[in-house]
Every structure is written in structure tokens, then in C-alpha cells.
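Down below is the structure, laid out as C-alpha cells.
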Amino acid sequence: MKKKVVIGFLGTQLDSGLSTSRWEKWRPTVSIAQHEDLVVDRLELMHDARNKALAERVRDDVVQLSPGTEVRLVEMNLANPWDFGEVYGALYDWMGAYAFDTEREEYWAHITTGTHVAQICLFLLVEARFIPGVLLQTAPPRGRQGQGAGSYELIDLDLSRYDAINARLAVAHQDAVSFLKSGIATRNTRFNTMIEEIERIAVQSKAPILLTGPTGAGKSMLARRIFELKKSRHQVSGNFVDVNCATLHGDGAGSTLFGHKKGSFTGAASDRPGLLRTADKGVLFLDEIGELGLDEQAMLLKAVEEKRFLPVGADKEAESSFQLIAGTNKDLRLEVARGRFREDLFARINLWTYTLPGLSQRREDIEPNMDHQLMLVSEDLGRKIRMTTEARAAYLRFAQSGEAVWTGNFRDLSASITRLATLGDNGRIGVGLVEAEIARLRWQWQATEQETGEAAVSLAELMGSAADTLDYFDQLQLQAVIEVCHKSASLSDAGRALFNVSRTQRSVVNDADRLRKYLLKFDLSWEKLSA
């Protein structure tokens, strides 16, 4: 069995007493040696030099009660035992030099004696595992005054051991995840997994977060929800500052972000703090960060790393401590390769990167998002709006089909539901309205596709980080195959288009099977591509 080692402070009041009458009262440190079911092998007793006589008396009394207990007196002189920094520093230094041997010994930190500051410091050191053990709390005998061992209790700060606490933490985690999803019961497995990880990052890290994905995928909304979650946990006290970098041009970009001094350029009639200082102690969301100029990128990198930057026209640096969330619909890796985005800034903001899939890649989430939008529009209009059963079925049949490309993603869905709810007579959306709305969406997307070509599904949206493990050759080939599949009505149609030459040279033609096997090499399927 491991030896038991207790670490604690001398109680100058509770442990006091030099006469024989001291045995008539409960003394916390001495009581540790009075329990028949507890044998302590060593006691590390910390005391001030002024209380050395009392410490020696307590040591002798412990040894008298428990001859097998070794008591080591640790002189720790504190100018102010109520000064948190001094007490923690002294304990930290002592712990750093202490020869902990967890293979042969177990450690208990006694938190009944000493000042409240000393008790808190012991708690923190155990929680941080600088003391690799548990807390020991002793208490006097109940219902009577006088001698006696009283009781003791061990408190393990490893929360994984407490089912009730873990259950409450799990509920809090799920509540936070639901909050990030705006209370929408999304069904897409990949999206839900991503949001669960973002929740953990949001409450544990102050590092930059990069949100990528197509326009309208919800990057701005998610960034704001991350801020609101952090604020509810008292992790930020400042503001949420939302900046669309695509609107920042020329010399005005630096002034808007970093501020300027009066007279630094024509039109600078007064000092301007800049949005980075406005975001101090809060969250700065730079949407479309790929649109920033290279000079602004260099200044931003310094601000993120050092929390300092130089306003335009200033000779003294300003300070701001903010968390950066960046958004982009571009592939910043390609922007770096083309020299349009700084490699060092990308490396700094690429610690936590999440790609939000477009609505066409989350077709199972269209229904809950449709209901959510219908609820929001009902609140705005001040009346309850409902779809008939037939209208709902017709809308979802189209919305979840491959025909609905959702090029504007959630903005398209929000606009569509708003039109339907506004035109619904007496709060009722019928089949006629839905058919007219479907025709409108077809017309809208047809014009977009004629201009830009069929919307392609990106490898990052389909494969996540696994896409980065492919050679560039395989990425180009696979992307072309995906585009053909996206335009085809069936697996066989896509196979015929892709194997248009080699199929004529085969005695047995099975284009669908060839394409299925090719996709399986990348853990893809027709069902996944057409979802």
C-alpha cells in the first residue's frame, strides 16, 4: 500500500494550547492522528518562525498519539499571510522543490487550518495538479465540545469521478451546443460534430478561430453566437465588433481598423480609436478577411500576436486585447500561394479552422431551419403562420431535391420563407403559394447557373480535413468527377458521361459500378454526393 502524506498549515488558533488542558479541545492537525482507521505516515506541517514552539508541541502530540507518523516542520515565513500572491508564490516554490513520489505515496492537502488565503492556494495547487493528490477536510465532533477525533473527508477534484456533476456538465454542454445552433435541432452529423467541437473551443480558448464556407452559410451568425456564449461564461466583457473587410478600401482601411491621429491625413479632423480598440476585451469578427490588403494584414498580425498596433499617423502604439474570429468564402491556402494573403497571418489564424457546409450539403437540415425561419417571420409579422400539410410536403420535396441548388444558402431559404409567410392569407400558406415560390426559385437559380455555371460542391465540404491528404492531381480529378455527378440524374448517367470512351471498348459495360468503386477509394458514395 502507498504511504499517506498530509500537507497542511499549522492552525495558530485552532491548534493552539501548551498546557495539559489542550487535550480537552479538538485540534484539527492533532485530530489527524486520532482516527483509528487512519494511519498517516508523514505530516508536512508549515508554520511561521514566530509559532515554532506551538509547531513543535503539535508535532510531539501527533507523535505521541501515532508513533509511526513522521512530522516534518516546514518553516515558511510570510510578511503578509493574507496576501494571495505572496502565499501562492511561497507554496508554489516549495511544491516545485518537493520530491513527490506518486508511485509510492499518496498526498492529502489539509485545508481546515491556515488563513482562508492559504486554504484557497492549497485548493488551486491541487486542482492544477501541482500537488498530485486530494483535499483533506477535518471537522470537530458533532453535538459536543471537548476532546475527540471528530471526522474527516477526502475531496477529489477530478470531476470525472462524480456522476452527478458530470450529468450537470453534460446538460450545460448540450445547452451551449443548442445555443450555438440558435436552438435549431439540426440533423446533419458532420455539422453537429463540428458545432460540438466549436463549443469546447469557444469556452476553453482565446485563440483565433477561422470560419470558412460559402456566402450565406451562417459564418456571421455563428461568430456572434460564439461571442454571446463566451460573454455568458464571463470570458469576455467587451463588445462584439463585426467588420466586413470587403467594404474596406485604400487608406481608409487602416484608419477604420487601427484608428488615426488628428491631422494624420486630409480629412482627419479628430482622433479616431479604430475598431480594434472598440473590440478591446471582446470579440472582433473580420468577415471576408481575404479581402484585406497586405499592409493591413501585416498590422493585424502584430495586433493579434502582441495586442499592440500603431494607429495611422501615431508615434505611440495603442493596445487592445480581443479575440479574433475571421470569416472567408475563399480558400486562403490558394490566396497564400498566389501572394494575395500573408503566409504568417494565415498560420496564426489557422489554429482552429472550421468549414461551414452550404445548405445543399445539409439537405436534412432544411426542414428544421425552415420551421425556425417560419417562427422568426411569424414573430416579426405579429401573427402565427402555418403551412398546410400538402404545401409543406411540396416545398420540402423541392427544397431537398437536387434541383434546389441553394446558391445563396440560408439567405435564400430565409428570403423564400419570408415571401411565403408574408403572402399567406389569414396565416395560412397553401399549395398555390408554394408552387409560385418554387417557380421563382427555379428562375432565380437558372440565371445564376447560366452566368457562373452549375454550382460545384467543394472537396472541403464533402471530405473535411481528409481532402488535404490528397495529391493535387487527385484533388483536381476528384473535383471534376464530383461536378459531373452533381449535374447527373443518376449514378449510371454520371458513369456514362465519365467513361464515354472506354465504355465503348468493353464487352461488359457497368459504368455505375466503375464509378461507385472509384468514389469508395475516397470514402464517398453517390448517396452522399446527391444528398
Side-chain angles (χ1 to χ4, degrees), residues 188 190-191 193-194 197 208-217 219 245-246 288-294 297 301 326-358 360-362 402 405 407 409 449 451-488 491 493-503 511-531:
N188 183 275
R190 180 182 159 210
F191 179 77
T193 300
M194 179 185 69
E197 182 172 315
I209 298 174
L210 177 60
L211 303 177
T212 70
T215 299
K219 297 185 292 292
C245 296
E288 304 306 342
I289 192 173
E291 302 293 337
L292 270 185
L294 292 174
Q297 291 177 30
L301 176 62
T328 182
N329 62 2
K330 295 182 176 181
D331 188 334
L332 292 185
R333 297 170 302 176
L334 296 179
E335 295 299 293
V336 169
R338 294 165 181 164
R340 294 199 289 254
F341 200 84
R342 292 182 61 98
E343 185 174 9
D344 49 5
L345 178 59
F346 177 63
R348 187 67 182 85
I349 66 176
N350 191 38
L351 177 61
W352 301 111
T353 300
Y354 299 96
T355 299
L356 274 65
S360 61
Q361 281 73 60
R362 294 173 52 195
V405 293
T407 54
N409 293 295
E449 290 173 13
E451 181 66 25
T452 63
E454 184 75 24
V457 182
S458 73
L459 293 182
E461 291 173 326
L462 280 172
M463 302 177 65
S465 60
D468 297 334
T469 65
L470 300 180
D471 287 337
Y472 188 49
F473 175 86
D474 289 328
Q475 291 183 22
L476 290 175
Q477 185 181 62
L478 183 56
Q479 184 66 59
V481 170
I482 289 172
E483 290 180 13
V484 172
C485 291
H486 191 60
K487 296 175 183 177
S488 303
L491 185 64
D493 287 345
R496 279 191 290 271
L498 290 165
F499 305 118
N500 61 317
V501 176
S502 61
R503 69 190 309 272
D511 302 318
D513 186 60
R514 291 177 67 189
L515 178 55
R516 183 182 294 107
K517 290 177 179 176
Y518 173 81
L519 294 174
L520 278 175
K521 291 196 305 181
F522 305 100
D523 198 27
L524 295 174
S525 65
W526 171 258
E527 291 73 22
K528 189 172 184 178
L529 295 182
S530 59

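The structure displayed is predicted, hence computed values, not measured ones.
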Indicate yes or no: at least one non-hydrogen side-chain atom of [X] is less than 4.5 angstrom from one of [Y].
{"X": "Leu332", "Y": "Thr212", "answer": "no"}
{"X": "Leu294", "Y": "Gln297", "answer": "yes"}
{"X": "Glu197", "Y": "Trp352", "answer": "yes"}

Output all residues satisfying side chain to side chain contact (heavy atoms under 4.5 Å, CB included) with [X], sequence neighbours left out; order by chain, then residue number.
{"X": "Ala480", "value": "none"}
{"X": "Leu334", "value": "Asp331, Arg338"}
{"X": "Gln475", "value": "Leu459, Leu470, Tyr472"}

field: For Phe341, all residues meeting ring-ring contact (aromatic ring centres under 6.0 Å, His included), sequence neighbours excluded
entry: none
Looking at [X] and [Y], what are the two nearest heavy atoms and their distance?
{"X": "Pro208", "Y": "Ile349", "result": "CB-CA, 4.0 Å"}
{"X": "Leu292", "Y": "Cys245", "result": "CG-SG, 3.8 Å"}
{"X": "Lys219", "Y": "Pro214", "result": "NZ-O, 3.1 Å"}
{"X": "Leu301", "Y": "Arg348", "result": "CD1-CB, 3.8 Å"}
{"X": "Asp511", "Y": "Gly495", "result": "CB-C, 3.5 Å"}
{"X": "Ala217", "Y": "Pro357", "result": "CB-O, 4.0 Å"}

Salt bridge (Lys or Arg N to Asp or Glu O under 4.0 Å) with [X]: which residues, sequence neighbours excluded?
{"X": "Arg514", "result": "none"}
{"X": "Asp344", "result": "Arg342"}
{"X": "Glu288", "result": "none"}
{"X": "Lys521", "result": "none"}

Spacing of [atom1] belonging to [X] relative to [atom2] belonging to [Y], to within rounding of 0.5 Å:
{"X": "Asn329", "Y": "Ile289", "atom1": "CG", "atom2": "CD1", "answer": "12.5 Å"}
{"X": "Leu211", "Y": "Leu356", "atom1": "CG", "atom2": "CG", "answer": "6.0 Å"}
{"X": "Leu519", "Y": "Leu524", "atom1": "CG", "atom2": "CG", "answer": "6.0 Å"}
{"X": "Met463", "Y": "Thr469", "atom1": "CE", "atom2": "OG1", "answer": "6.0 Å"}

Sequence neighbours left out, what passes side-chain hydrogen bond (donor to acceptor under 3.5 Å, both in side chains) with [X]? Give chain and number order.
{"X": "Asp474", "value": "none"}
{"X": "Gln477", "value": "Tyr518"}
{"X": "Arg340", "value": "Glu335"}
{"X": "Asn409", "value": "none"}

